[in-house]
Novice: 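Pasting a structure here, questions to come.
Just so we're on the same page: letters track the sequence lines, and every chain starts at 1.
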Amino acid sequence: MKNSYAIEAKNLTKRFGDSIAVRSVNLAIGEGELFGLLGINGAGKTTLIKMLCRMLKPTEGEMLIKGQNISNFEAKKRINFSPQETAFAQGLTVRENLVLMAGMYGLEKKLCIKNVKEVISRFDLGEVQNKRAKTLSGGWQRRLSIAMALVTDPDILFLDEPTLGLDVIARRELWETILQLKSKTTIILTTHYLEEAEHLCDRIAVMSKGVITAVGTSKELEEKAGTENFEEAFIALAGTELRREAI
Amino acid sequence: MKIKAFSFRNAKEILRDPLSYIFCVGFPLVMLVIMTVVNKSIPKEAAMDIFNLSKLVPAIAVFGFTFIMLFMAILLSKDRESMFLSRLCGAPMKPWEFMAGYTLPVLIIALLQVAVTYAAALLIAFIEGEKLSLLGMAMSAATFIPVMLMFINFGIILGAAFGSKSAPGIASVLITVVSLLGGIWMDIEALGGSFFAAAKKLPFYWAVEIGREAMATDVGSQRLWGGGLIIAIYLIATFLIGMAVLKKNVQEM
């Protein structure tokens, strides 16, 4: 019988020379779940995400999508990734960027037109659709970046620090958009903002030194750490050991 | 569909940059006019024929390809640094499809560049009362296709290996090397010695030579076929190196 996990990581490890960026990570993320990855800088979040979305080859371990060990090529058709950097074609307009992404995932012309129209409407990109991407403000660029990941209608969406550098209003707007995607799409996001993880995520994994130290809801993590708020729980689970080492 | 989508994007990025017109079209045309004027002031007793239109035009075309290489390097290095390429690597595309997506639009731009240069040369020939063979121009343009691909590959190597600040600088060094060792602005065969020996080992001299031989419609020319073989070897080598560097550096990001 097939399980209902959208994505599973088994014993996932990534080495760069002598250093280990991610060490024996085991994860199982359910379909329609919004899963958060928290950790301080250098914890291994981005490396783990890049392995999960098949952009980086793991040194060890395997990844399953809907219980199947499928090829990178097949997996890439079902997933999409919005990196923390605003990565788009600078000289192209918003619409052209969306059409490009749909085309590169091999979407047929009719489906491409339909999806582009849909994401433009969902992300309120109508007023800027004919503007060059490089001329947009940070908030619009973030929206475009996520819209580019969604235009291919992925089963699994990876968001690497989607609200980094945004003002409070833009961040709140993006939260609403992300919440609208919930349940239809499995979302895995990394963030530095604890309130963001707490507000958006069904479950949260805390990473430290390439290892997942705890997984659960924000309440479960507080209980596990024996703290009264989520920030204290995060510091207990991820931060203290590293800070002590740094001192 | 995937290659087409990516090719269109790359073409738009280059064609929307005004500098690409100045360097890829304007600069070679200016040099063509200047060198034609210079040629007129060279006394016949000097017996210097490299600036004669039939020899100058293929050399100018090769000079133009060096700017194609430069823009290829700039585009790719910017894509890498902005993480756009990393994002694209999440798409279900094979490495050869990426190479094709970068190469095809730039190849078309290079062909258009040759067409513009040759059209300008015909106009100059008409004004100056010189003769240029249309068949020779067509043959030389066809001969240049592997040369264009080789320069595009050099651009891919530079763009994949270096950042957006260093790639243009290194490309500029290579442009100077091509100008000197390619025999574009001087008769390096007449110079001889180790300079000429070095030039013969590199593809740039042969890139110019096969264009000149084809322009002369000398299909039986040993220099044409021998030079073509050297270009083919460099073309394959640069393609393989480009693929390897691109694959390695995109993976490492």
Novice: Using a 4.5 Å heavy-atom cutoff, which residues in residues 107-130 of chain A come close to chain B?
Specialist: A:Leu107
Novice: Nearest 0.5 Å please: distance from the NZ atom of B:Lys12 over to the CG atom of B:Asn10.
Specialist: 11.0 Å
Novice: Drop me the distance from B:Lys2's NZ to B:Phe98's CZ, to the nearest 0.5 angstrom.
Specialist: 9.5 Å
Novice: Would you please go through residues 13-31 of chain B and name the residues with a non-hydrogen atom below 4.5 Å from one of chain A, in numerical order?
Specialist: B:Glu13, B:Arg16
Novice: Students often mix this up, so state it plainly: with edges at 30° and 60°, are the rings of B:Trp185 and B:Phe63 parallel, tilted or perpendicular?
Specialist: perpendicular
Novice: Would you find more than 12 non-hydrogen atoms of other residues, nucleotides or ligands less than 6.0 Å from B:Lys78 atom NZ?
Specialist: no
Novice: For A:Pro162, which of A:Ile146, A:Thr177, A:Ile187, A:Leu157 qualifies under side-chain contact (heavy atoms from CB on, under 4.5 Å)?
Specialist: A:Ile146
Novice: For residues 137-156 of chain A, which residue pairs qualify under side-chain hydrogen bond (donor to acceptor under 3.5 Å, both in side chains), counting only residues two or more places apart or in two chains?
Specialist: A:Asn80-A:Thr152, A:Ser82-A:Ser145, A:Arg143-A:Glu173, A:Ser145-B:Arg87
Novice: Any chance OH of A:Tyr193 has more than 12 other-residue heavy atoms, nucleotides or ligands included, within less than 6.0 Å?
Specialist: yes
Novice: Distance from A:Leu12 atom CG to A:Arg23 atom CZ, nearest 0.5 Å?
Specialist: 13.5 Å
Novice: Using the test side-chain hydrogen bond (donor to acceptor under 3.5 Å, both in side chains), find all partners of A:Asp160 that sit at least two apart in sequence or belong to another chain.
Specialist: A:Thr46, A:Gln84, A:Thr190
Novice: So which part of A:Met148 gets closer than 4.5 Å to some heavy atom of chain B, the side chain, the backbone, both or neither?
Specialist: both
Novice: Heavy-atom distance under 4.5 Å to chain B: side chain of A:Ala149, backbone, both or neither?
Specialist: both
Novice: Out of curiosity, A:Ile65 CD1 to A:Tyr5 OH, how far, rounded to the nearest 0.5 Å?
Specialist: 16.0 Å
Novice: Looking only at heavy atoms and a cut-off of under 4.5 Å, which of B:Glu97, B:Lys94, B:Lys4 has the most pairs with chain A?
Specialist: B:Lys94
Novice: What residue in A:Val99, A:Ile79, A:Leu92, A:Thr47 has the most heavy-atom pairs under 4.5 Å with chain B?
Specialist: A:Leu92
Novice: Does A:Lys14 make a cation-pi contact with A:Phe16, if we ask for NZ or CZ under 6.0 Å from the ring centre and within 45° of the axis?
Specialist: yes
